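Any value given below was found using the heavy atoms of this structure, including those in side chains, with hydrogens, waters and symmetry copies removed. Computed from a predicted model, the values in this text were never measured in an experiment.
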Amino acid sequence: MSCSVVNDVPLVEETAPQIQVLFEDEHLVAIHKPAGLLVHKTYLARHEKYFAMQMTRDLVGCHVYPVHRLDRPTSGVLLFAKSSAVAHQLCVQFESRQVRKYYLALVRGNMLEAGLLDYPLKEELDDVADKMASQPRQAQSAITRYEPLLNAEIPVPSGRYQTSRFALLRLQPLTGRKHQLRRHMDHLRHPIIGDTAHGDGKQNRFFREHFGVNRMWLLAQKLSLTHPVTGAELSVVTEPEAEWQQIFTALGWGDDELCSGKPWTLAGT
């Protein structure tokens with residue numbers, strides 16, 4: 001973080017977020033996007049300084065084309081094409097649901113059984129960007145597969161409860177609706193921790209104050225697709241950031257339990 005002076009008042013300049021290249025060839029580049037980083041410039045974010053698209057372009061030395069999106073508070077695998085033709089082919093794969101996406105999520109409460117949630121969602125409109133848009137259309141099909149990986153209960157009161165419970169889930173959206181995973185977990189009464197739009201405000205505040213980390217606990221961990229040029233099967237995987245390990249330890253998920261099969265490695269998927 002650097003510092004400049006204006007009218008004898010020191011101004012702290014924003015530190016650039018760090019992105020990591022997970023895969024690159026002459027046609028594609030995939031990065032690990034940190035939580036809090038926007039994918040590209042928008043009118044609503046015209047005062048922001050850093051964007052994943054521009055940072056990736058500067059890092060790899062050529063223009064890149066976004067082919068899918070990650071919400072600003074979500075971290076993980078973000079894929080770009082290096083040409084408009086490849087971008088079009090990738091967009092077709094995403095739109096036809098040929099791309100398989102896997103996420104890790106930390107949620108409120110324990111979950112004991114896996115399942116498939118088929119719960120239609122109405123389109124979400126932004127109060128500013130969509131203020132001239134017509135009323136929301138009929139609810140669209142939205143399907144999410146979910147699987148509990150680990151459960152925790154800590155002896156710390158939360159609200160009217162004497163203990164606090166959390167679960168680590170693997171989520172696979174089979175459709176691509178806006179905020180689908182966040183809204184579906186809220187519908188299941190297991191909201192994602194740190195989700196300020198669809199989560200539990202009291203639980204978010206408790207988690208932030210007790211553990212000292214402020215973010216939404218949703219990680220886009222893996223993308224599996226057909227390479228649009230070579231036709232080969234391609235999977236891009238990232239690991240949870242260091243702050244996840246900090247939380248794992250705090251929740252009592254020790255190294256032995258976590259390293260036994262590493263539940264986040266998505267073996268066999």
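- Criterion: ILVMFWY side-chain heavy atoms under 4.5 Å apart, direct or through other members. Under it, Leu121 and Tyr146 are part of a common hydrophobic cluster.
- Without hydrogens or angle criteria, His227 side chain to Thr230 main chain gives a donor-acceptor distance under 3.5 Å.
- Remark: the backbone N or O of Val77 is not paired with any side-chain donor or acceptor of His32 at under 3.5 angstrom.
- Between atom CZ of residue Phe23 and atom CG of residue Asp25 there is a gap of 4.0 Å, rounded to the nearest 0.5 Å.
- Between His198 and His179, the ring planes lie perpendicular to each other; the angle is over 60°, past the 30° to 60° tilted range.
- Linking Ile, Leu, Val, Met, Phe, Trp and Tyr whenever their side-chain heavy atoms come within less than 4.5 Å leaves Ile143 and Tyr103 in two separate clusters.
- Side chains of His27 and Gln89: a donor-acceptor N/O pair is absent below 3.5 angstrom, by distance only.
- No continuous path of ILVMFWY side-chain contacts below 4.5 Å connects Val60 to Leu234, so the two sit in separate hydrophobic clusters.
- A side-chain donor from one of Thr144 and Gln180 sits under 3.5 Å from a side-chain acceptor of the other.
- When atom types are taken as modelled, the side chain of Gln93 and the backbone of Thr226 share a donor-acceptor pair closer than 3.5 angstrom.
- In this structure, Asp200 contributes its side chain and Ile193 its backbone to no donor-acceptor pair below 3.5 Å.
- Put simply, the side chain of Arg97 never gets that close to the backbone of Thr175: no donor and acceptor are under 3.5 Å apart.
- Between Phe211 and Phe166, the ring planes lie perpendicular to each other; the angle is over 60°, past the 30° to 60° tilted range.
- The backbone N or O of Leu168 sits nowhere less than 3.5 Å from a side-chain atom of Asn151 that would complete a donor-acceptor pair.
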